[in-house]
Asker: 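Following this message is one structure expressed as structure tokens.
The chain is numbered in sequence order, starting from 1. Computed from a predicted model, the values in this text were never measured in an experiment.
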Amino acid sequence: MAVVLSVLLLFCFCFGFHVDDVNGTSGHTAGVFSWYNKFSMMNIDELNGLETGIRNAIKDNLMSELMSFPETGIVSTVSPGCIKDTANFPIQALDAFGKPRSGILRENFAWLGNFHECTSLGTYQHCVADMQINAPMNNGTTNLTVPISWGICMPKSCSEDDIEILIKQVEVPFFHLIRKSTGKTPGVVHCNQIPAKSYDAGFICVVTLSSILGFLMLLGAAVDVYIRWFESPQNINGYQTIDNSPVDSKSERTPLLTGGTPNDSVHVEVQRHNQTPKKQGFLTRFLLCFAVNRSLEKLLNAKQGDKSVGCLNGIRVLSISWVILAHSIFYPMNERMYDDTIEFYAMIQRLDFTVIVKAEYAVDTFFLLSGCLLTYLTLGKMAHTNGKLPWGLFYFHRFWRLTPVYAAVILFFLFLDPYIGSGPLWYRYIDHPSCEKYWWRNLLYISNFFPKSEMCMDWSWYLPNDMQFFVISPFILILLHKVPKVGAGLLATLTAISIIIKASLTAKYGMGGGVFGAGGVAGAYWDKIYDKPWTRISPYFVGMAVGFIMVRRPHLRMRPIVVLCGWVLASAVGLVVIYVVNNAFYRDWSLAEQGIYNGLGSFTWASCVGWVILACKNGYGGWINTFLSWNFWVPVGRLTYTVYLVHPIILRNILFSSSNPFSFTIIPISTRFTGGIVLSHMVAFVFALAIEFPFANLEKLLIPSNVEKKKSEKERNKEQA
């Protein structure tokens, strides 16, 4: 066995290397750029010299180790079953071993082998060893490092510890295994099992709950069909689902939940032709809440109400697509799963690629939409109720609308997703200790107050921020309604404070990863700045200002020159905010420059999008408004909230199921993006029909609206008159 591993290692480690700084640090951005710059400056003589040094070291040290191997007694620490089964390796197992791929000088260090060929042998398992080679250069001033993920096919009788011992037998002075932790299992060798985990109680419970939901959906649909057809005197569709709620109703208070969503579509009246409606029992109405045919009808309805702001649907869908595009590109890089890493770093420095780097502005757009719709709808309602609203239900409604599907995705992520895929790197994905320990922080919407390492589903940081903004909003809304000037002044003051805080923190800690070069504290950007409410709230306040203007000036009129200047200025400033950051790849920004840019960037971007909303709503959007208000966006936009929650799960399933590194070219990137966005919407479609719509219906069933009661009473009085 040692001879087999020796031959393979000799073949593998004579190639490829990675340039790092003296301290061995590397990062997603500036640290990586530092070694990339050193790497690009190496000449062919240095490269050849390094390869010769590695070859000689392996020849002189590795062979001597192998010769003394029988005397070491290390075999005694390997399980007898493993030793026996490794005596005769089948050719298929050897063929399934990972081998150096082309592009070693381009940082292609994922040598994963053939996962399916190995597992098809039955008694063999595919494992991955995380290893690296370190070799000094330039008189020890530079460290050359080869971080390798090496796929090996070993008998199932060999434990991870056995395999690690065998690999260490062929260690040379500058080669060592990386002792790093992945999920719950620390170590350097990880063997994939099929299934990846045992079927525990969590899996059984989630499958049971899913089955119950599926049964309720079908039973509700059967009840609905019976009511519509068999209780009608004419045996026709005498019972009709009537949506009395406008599209721009309460559910628009969050940008990921759109008009016409289940919250506003659950008001159902049952009518008979020329007969008094038959009152339905609680059980019947409960089952109808889950009726999949009714939910499907509401989901696919593309009708927009007269008071709706149609352009918001297009903005919402384009923003989530922007987020998915960025994640589909950066997720493989985080796992070093590109076959040409050098090309990746060269590509992201291109001007046209900068829009991907700054995809975080898509989330700022969601904050803008959230504040805008909350203010527009709530102030409009307060105008009809003399400023009085049931604030308790105001908070409960928001919690109830967001939490069921959020909790369902967490359960899916924890207990079902590990069994969906398989692949050489699947072991990196199946364990989620932060979710097992801290899931309750997500459901209380406080997870952004803790380090990223303790965050369950770290991409969901948006939700606690949005909920926290929502919690403080009534204090501002009441002032905007009762004392508009004071409310507007408070809004402007809070916006300025948020900008100053964000700029100050950025000037202290830097913008993270070192993309911008000078100074900064490594790893501090996320935990100190990125996901904190006091740094992210300025776009939300801009949205509240836009919503306030929409209420105060429902038919805003502007001169043509003002409209022209507004579009030109918004377009130009928006492009500058995105693309100016490209300059940081060629010149280190000072911490002061980073602070100014980061402090004003989100606010400025939100202001530009705010202009688009105002212009489109008041008839100055032209073809842009026609495109953004396209009816196609309406049903797609209803899925945006769930798509936001599930798309990282889909993209990571694609990533960790892959047996080969990805190619960083346009066609493969487009394919992954398209597949990711389609699959995310398909999964979101299921969650919407099974969780989001039914639970919104249950809210109306359990807490009927007084407004609806009064409305129905007025309609009855008219009929009696």
Side-chain angles (χ1 to χ4, degrees), residues 250-258 261-263 316 319-320 323 360 362-378 389-411 413 434-435 438-452 454-478 491 494-495 498 526-527 529-544 547 602 606 640-646 648 687 691-692 695-696 699 703:
K250 291 186 293 183
S251 68
E252 291 263 22
R253 289 174 184 161
T254 172
L256 301 179
L257 304 173
T258 65
T261 49
N263 174 67
R316 188 179 288 112
S319 295
I320 193 63
V323 171
E360 67 176 271
V363 183
D364 289 326
T365 303
F366 286 136
F367 287 135
L368 166 77
L369 297 178
S370 187
C372 174
L373 290 169
L374 171 70
T375 306
Y376 177 56
L377 298 171
T378 306
L389 288 179
W391 296 110
L393 290 178
F394 178 84
Y395 287 120
F396 174 79
H397 166 73
R398 179 53 167 253
F399 181 84
W400 185 264
R401 285 294 290 115
L402 297 183
T403 306
V405 69
Y406 191 16
V409 172
I410 293 176
L411 288 175
F413 182 60
S434 58
C435 278
Y438 306 117
W439 57 268
W440 55 271
R441 294 176 180 173
N442 292 54
L443 300 185
L444 292 178
Y445 298 95
I446 58 173
S447 57
N448 59 326
F449 292 131
F450 298 90
K452 182 182 179 181
E454 298 180 3
M455 186 177 291
C456 173
M457 301 196 326
D458 55 15
W459 63 89
S460 67
W461 64 268
Y462 166 86
L463 292 178
N465 277 276
D466 195 65
M467 179 64 79
Q468 291 152 18
F469 301 161
F470 184 85
V471 169
I472 68 171
S473 64
F475 303 101
I476 302 174
L477 292 171
I478 292 172
L491 203 58
L494 293 176
T495 303
S498 175
W526 181 287
D527 291 334
I529 303 173
Y530 188 79
D531 66 342
K532 295 300 177 284
W534 42 84
T535 62
R536 302 302 305 230
I537 200 171
S538 62
Y540 192 88
F541 286 149
V542 172
M544 294 188 73
S602 297
T640 308
Y641 170 48
T642 313
V643 168
Y644 182 87
L645 289 175
V646 304
F687 273 100
I691 305 292
E692 189 174 358
F695 275 83
E699 181 189 6
I703 309 177

Asker: How about Phe469 and Phe541: are their ring centroids closer than 6.0 Å?
Answerer: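 No, ring centres 6.0 Å or more apart.
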Asker: Quick one: CZ on Phe367 to CG on Asp466, what's the gap to the nearest 0.5 Å?
Answerer: 6.0 Å
Asker: Between Ile703 and Phe396, is there a side-chain heavy-atom distance shorter than 4.5 Å?
Answerer: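 Side-chain contact under 4.5 Å: yes.
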Asker: Identify the heavy atoms of Leu443 and Phe399 that sit nearest to each other, and give their distance.
Answerer: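 Answer, listing the atom of Leu443 first, then Phe399: O-CE1, 3.4 Å.
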Asker: For Ser498 and Ser538, which heavy atoms make the closest approach, and how far apart are they?
Answerer: OG-N, 3.6 Å
Asker: Verify side-chain contact (heavy atoms from CB on, under 4.5 Å) between Met457 and Ile410, making sure each step is shown before the conclusion.
Answerer: CA-CA 8 Å; Met457 301 196 326; Ile410 293 176; 3.7 Å; yes
Asker: Verify side-chain contact (heavy atoms from CB on, under 4.5 Å) between Tyr540 and Thr495, making sure each step is shown before the conclusion.
Answerer: CA-CA 9 Å; Tyr540 192 88; Thr495 303; over 6 Å; no
Asker: Does atom CH2 (Trp461) have a neighbourhood of more than 12 heavy atoms from anything else shown, all under 6.0 Å?
Answerer: yes
Asker: Tell me if a side-chain donor or acceptor on Glu692 pairs with a main-chain N or O of Phe687 at a distance below 3.5 Å.
Answerer: no
Asker: Can you confirm whether Trp439 sits close enough to Leu411 that some side-chain heavy atom of one is under 4.5 Å from a side-chain heavy atom of the other?
Answerer: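 A side-chain contact under 4.5 Å is absent here.
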Asker: Spell out, as yes or no, whether a donor-acceptor pair under 3.5 Å connects the side chain of Asn465 to the backbone of Asp531.
Answerer: yes
Asker: Just how far is it from atom OG1 of Thr365 to atom CD1 of Ile320, taken to the nearest 0.5 Å?
Answerer: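 Here the rounded value is 11.0 Å.
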Asker: Can we call the ring centroids of Tyr462 and Tyr644 under 6.0 Å apart?
Answerer: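 Yes, they do, as the ring centres are separated by less than 6.0 Å.
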Asker: Test your reading of the model: is there a side-chain donor-acceptor pair from Thr535 to the backbone of Ile529, 3.5 Å cut-off?
Answerer: yes
Asker: Heavy atoms, side chains only, cut-off 4.5 Å: are Pro474 and Tyr395 in contact?
Answerer: yes
Asker: Please walk me through it: do Ser319 and Phe366 pass side-chain contact (heavy atoms from CB on, under 4.5 Å)?
Answerer: CA-CA 8 Å; Ser319 295; Phe366 286 136; 3.9 Å; yes
Asker: Parallel, tilted or perpendicular for Trp400 and Phe695, by the 30°/60° rule?
Answerer: tilted
Asker: Mind checking whether Pro648 and Phe413 have side chains closer than 4.5 Å, heavy atoms only?
Answerer: no
Asker: For residues Gln468 and Phe449, determine if any side-chain heavy atom of one lies less than 4.5 Å from a side-chain heavy atom of the other.
Answerer: yes
Asker: What closest approach, in Å, do Asn442 and Cys456 show between heavy atoms, and which atom pair accounts for it?
Answerer: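 In this case the closest contact between Asn442 and Cys456 is ND2-O, 2.8 Å.
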Asker: For residues Ser460 and Pro464, report the shortest heavy-atom separation together with the two atoms involved.
Answerer: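 What the structure gives for the nearest pair is O-CD, 3.0 Å.
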Asker: Should Arg536 and Asp364 count as an ion pair when the cut-off is N to O under 4.0 Å?
Answerer: yes
Asker: Quick one: closest heavy-atom pair of Thr403 and Tyr445, and the distance?
Answerer: OG1-OH, 2.8 Å
Asker: What distance do Leu402 atom CG and Leu463 atom CG have between them, rounded to the nearest 0.5 Å?
Answerer: 6.5 Å
Asker: First locate atom NZ of Lys532, then atom CD1 of Ile537, and finally report the distance between them rounded to the nearest 0.5 Å.
Answerer: 14.5 Å
Asker: Ala362 and Val323: which non-hydrogen atoms are nearest, and at how many Å?
Answerer: CB-CG2, 3.6 Å
Asker: First locate atom CG of Leu491, then atom OG1 of Thr375, and finally report the distance between them rounded to the nearest 0.5 Å.
Answerer: 7.5 Å
Asker: Which residues satisfy the ring pair (Phe, Tyr, Trp, His ring centres under 6.0 Å) test with Phe475, sequence neighbours excluded?
Answerer: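 Checked Phe475 against ring pair (Phe, Tyr, Trp, His ring centres under 6.0 Å); zero matches.
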Asker: Looking at side-chain heavy atoms only, is the closest gap between Ile691 and Val409 below 4.5 Å?
Answerer: no
Asker: Quick one: CE on Met455 to CH2 on Trp526, what's the gap to the nearest 0.5 Å?
Answerer: 6.0 Å
Asker: Please evaluate residues Leu494 and Ile476 with respect to the criterion side-chain contact (heavy atoms from CB on, under 4.5 Å), reporting the C-alpha separation (whole Å), side-chain torsions for both, the decisive distance (0.1 Å), and the verdict.
Answerer: CA-CA 10 Å; Leu494 293 176; Ile476 302 174; 3.9 Å; yes
Asker: Taking the ring centre of each residue, are Tyr641 and Tyr406 less than 6.0 Å apart?
Answerer: no
